[in-house]
Amino acid sequence: MTEDSTLPANNFIRNRIKSDLAQQNVSVITRFPPEPNGYLHIGHAKSICLNFGIAAEFKGHCNLRFDDTNPDKEDDEYVEAIKHDVSWLGYTWQQLEFASNYFEQLYAYAVQLIEGGHAYVCDLNPEQVRAYRGSLTEPGKNSPFRGRSVAENLDLFSRMRAGEFKEGERVLRAKIDMAAGNINMRDPALYRIKHAHHHRTADRWCIYPMYDYAHCISDALEGITHSLCTLEFEDHRPLYDWVLDTLKTPAHPQQIEFARLSLDYTITSKRKLLQLVEDQHVQAWDDPRMPTISGLRRRGYPATAIRDFCERIGITKKDAQIDVGVLENCAREALDHAAPRAMCVLNPIKVVIDNYPAGETEELDVANHPKRPELGRRSLPFGREIYIERDDFMEQAEKKFFRLAPGKEVRLRFAYCITCTEVIKDSNGAIVELHCSYDPLTKGGKTGDGRKVKGIIHWVSCQHSIAVQVNLYDRLFNTPNPGAQDNFTDHLNPHSLISLTDSRAEASLSNSEAMQAYQFERCGYFCRDAEDNAAGQPVFNRTVTLRDTWAKINSK
Ligand code: ATP
Ligand code: MG
């Protein structure tokens, strides 16, 4: 095969699958196995893109399987949210499965292990189990219950299922080797008692399989060929293989591990993300500051940007922290192409153009996108009274300030050049209004006499603009590694959300659809929120700034 830059970059998993396929012609079957105990985050996106991407690339398929073996924290709300997020990312699963679909089969396999002398019921309490396990340097000790007969084990296991025992009283353990160097092989638990209501199987079960036992069998039952998981499962691989070898399952998938995604300034732990929601540091799982797929979506991230990001960071065997600027750049690139331009003045100040005829309006014909004529044109009304950005005016301007200042000239984007003639202040000395004159010969970029006007600023017509709310979102944490801090909520960025309620946008934005993205000229990329604010005004969320402002801060 020849190298082609349009193909996905090579990584060790692709290479391994290629060599597997060279040896035998099978179709590649993968799965994405989330636990429905929270919303998916950007780290999951890496796993989704890998699993679905590999399956598509090798013309196989990928299943979505919910690993619902721990009923305490699982919920249908999460199941639905996860399905929605995977679809939104652009992927289609072949089979939709739940580990709980296999509870009966998993139980039968456990009986088979007992019958073969490979599993036993152990009565040690959790504390004793820990003490018997040994340590990294010391071998463990055999449980006194290890020698139970097959008949006794079968009896006790069926009574565990029947609900005769309390939680923690007994577990089913694999009989492997208490002296194994790998602690995961020291007679790991296969089943525990939990008198808990399950979101799908209700109260039918009071024993639940452990992840390490359920996962490999679920993979085998679905004929998964490559079970791709994160590095923390590397030490569990011998157990994965032991279960399948001992049971002689019809298929034996191979587990391949890769490095988890960790992003700076970001938390990718479901438990901590849940805490942010429960303690109301954010509004919900889909708060636009959350690194969840739903949060990124609401923030205005296109699915293409997230897929592009996952492709760019690649797949490795080594943990590394990725600069969140890489993700933000993917959004910038996708939106630069996708988003029509519009004008919105975030912090407006009124400008009266004294020599412009009162009551007159000009319709300026402007392109919606500078490079994509297919996105059409619109008419932008211009008149005597406009708003400009407060920051684009400076009363005592330094030499390098090329925007509006007393006596200085600036260009209004798409319109005329104006010169500031008067500054009106209130009794406290605050500037309330500016007066300007305009040069009628400067329409659309020219100056009659060849003089240079360096600055260009955005504006909207007072009469033809609408009041909007603009939410300026920034990184949720102000430390590069919040997950490593003792108390990560102490490191929340107090300026992660600034809501502006006096902004003014082109009137055409009043009927934009929810989630429609725009580049507000000079201000950044924004998207329309699904809901208006309490005052009935449209709300626009800032997806990302036009440039990476944090890179500048960090280099200082
Ligand atoms: P936990 O199991 O502690 O609830 P988890 O993050 O492992 O959290 P799962 O729902 O089990 O959540 O994850 C589903 C899949 O996504 C797993 O295969 C897991 O390896 C993968 N995954 C989770 N977090 C990341 C990450 N940060 N980077 C890459 N893959 C991830
Ligand atoms: Mg997990």
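Counting convention: from 1, in listed order, for ligands and their atoms alike.
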Q | Verdict with supporting geometry, Arg299 and Asp287, salt bridge (charged side-chain N to carboxylate O under 4.0 Å, His left out) | A | CA-CA 8 Å; Arg299 174 96 169 235; Asp287 185 300; over 6 Å; no

**Q.** Any N or O of Glu35 closer than 3.5 Å to N or O of ligand 1
**A.** yes

Q) Under 4.0 Å from any heavy atom of Asn37, which atoms of ligand 1 are there? A) 4 (O)

**Q.** Cation-pi geometry met for Arg542 and Tyr473 (6.0 Å, 45°)
**A.** no

Q. When you check the gap from the basic side-chain N to the acidic O, do Lys317 and Glu257 get nearer than 4.0 Å?
A. yes

Q. Can you find an N or O of Thr268 that's nearer than 3.5 Å to an N or O of ligand 1?
A. no

Q: State whether the shortest distance between N or O atoms of Gly43 and N or O atoms of ligand 1 falls below 3.5 angstrom.
A: yes

Q: Pull out every atom of ligand 1 sitting under 4.0 Å from any heavy atom of Thr230, numbered as shown with elements.
A: 19 (C), 20 (O), 29 (C), 30 (N), 31 (C)

Q) With only distance considered, is Pro34 within less than 3.5 Å of ligand 1 through an N or O on each side? A) no

Q: Give a yes/no verdict on whether any heavy atom in Asp67 is under 4.0 Å from an atom of ligand 1.
A: no

Q: Using the ring-ring contact (aromatic ring centres under 6.0 Å, His included) rule, take Phe520 and Phe526 through it: C-alpha gap first, then chi angles, then the decisive distance, then the call.
A: CA-CA 7 Å; Phe520 287 167; Phe526 291 78; 4.5 Å; yes

Q) Tell me, do Pro139 and Met178 make a side-chain contact under 4.5 Å, heavy atoms counted? A) no

Q) How does Pro33 reach ligand 1, by side chain, by backbone, by both or by neither, if only non-hydrogen atoms under 4.0 Å count? A) both

(Q) Under a 4.0 angstrom heavy-atom cut-off, which atoms of ligand 1 come close to His44? (A) 6 (O), 9 (P), 10 (O), 12 (O), 13 (O), 14 (C), 16 (O), 22 (N), 23 (C)

Q | Note: Arg260-Glu232 ion pair, threshold 4.0 Å (strictly below) | A | yes

Q.
Taking the basic N atoms (NZ, or NE/NH1/NH2) and the acidic carboxylate oxygens, is any pair closer than 4.0 Å for Lys83 and Glu80?
A. yes

Q. Nearest heavy atom to atom 24 (N) of ligand 1: which of Lys270, Arg271, Lys73, Arg260 does it belong to?
A. Arg260

Q: Identify, by atom number and element, the atoms of ligand 1 in contact range of Ser47, meaning under 4.0 Å from any of its heavy atoms.
A: 16 (O), 21 (C), 30 (N)

Q: Return yes when Tyr211 approaches ligand 1 closer than 4.0 angstrom through a heavy atom, no otherwise.
A: no

Q. How close do Gln275 and His281 get, heavy atom to heavy atom, and via which atoms?
A. O-CD2, 4.4 Å

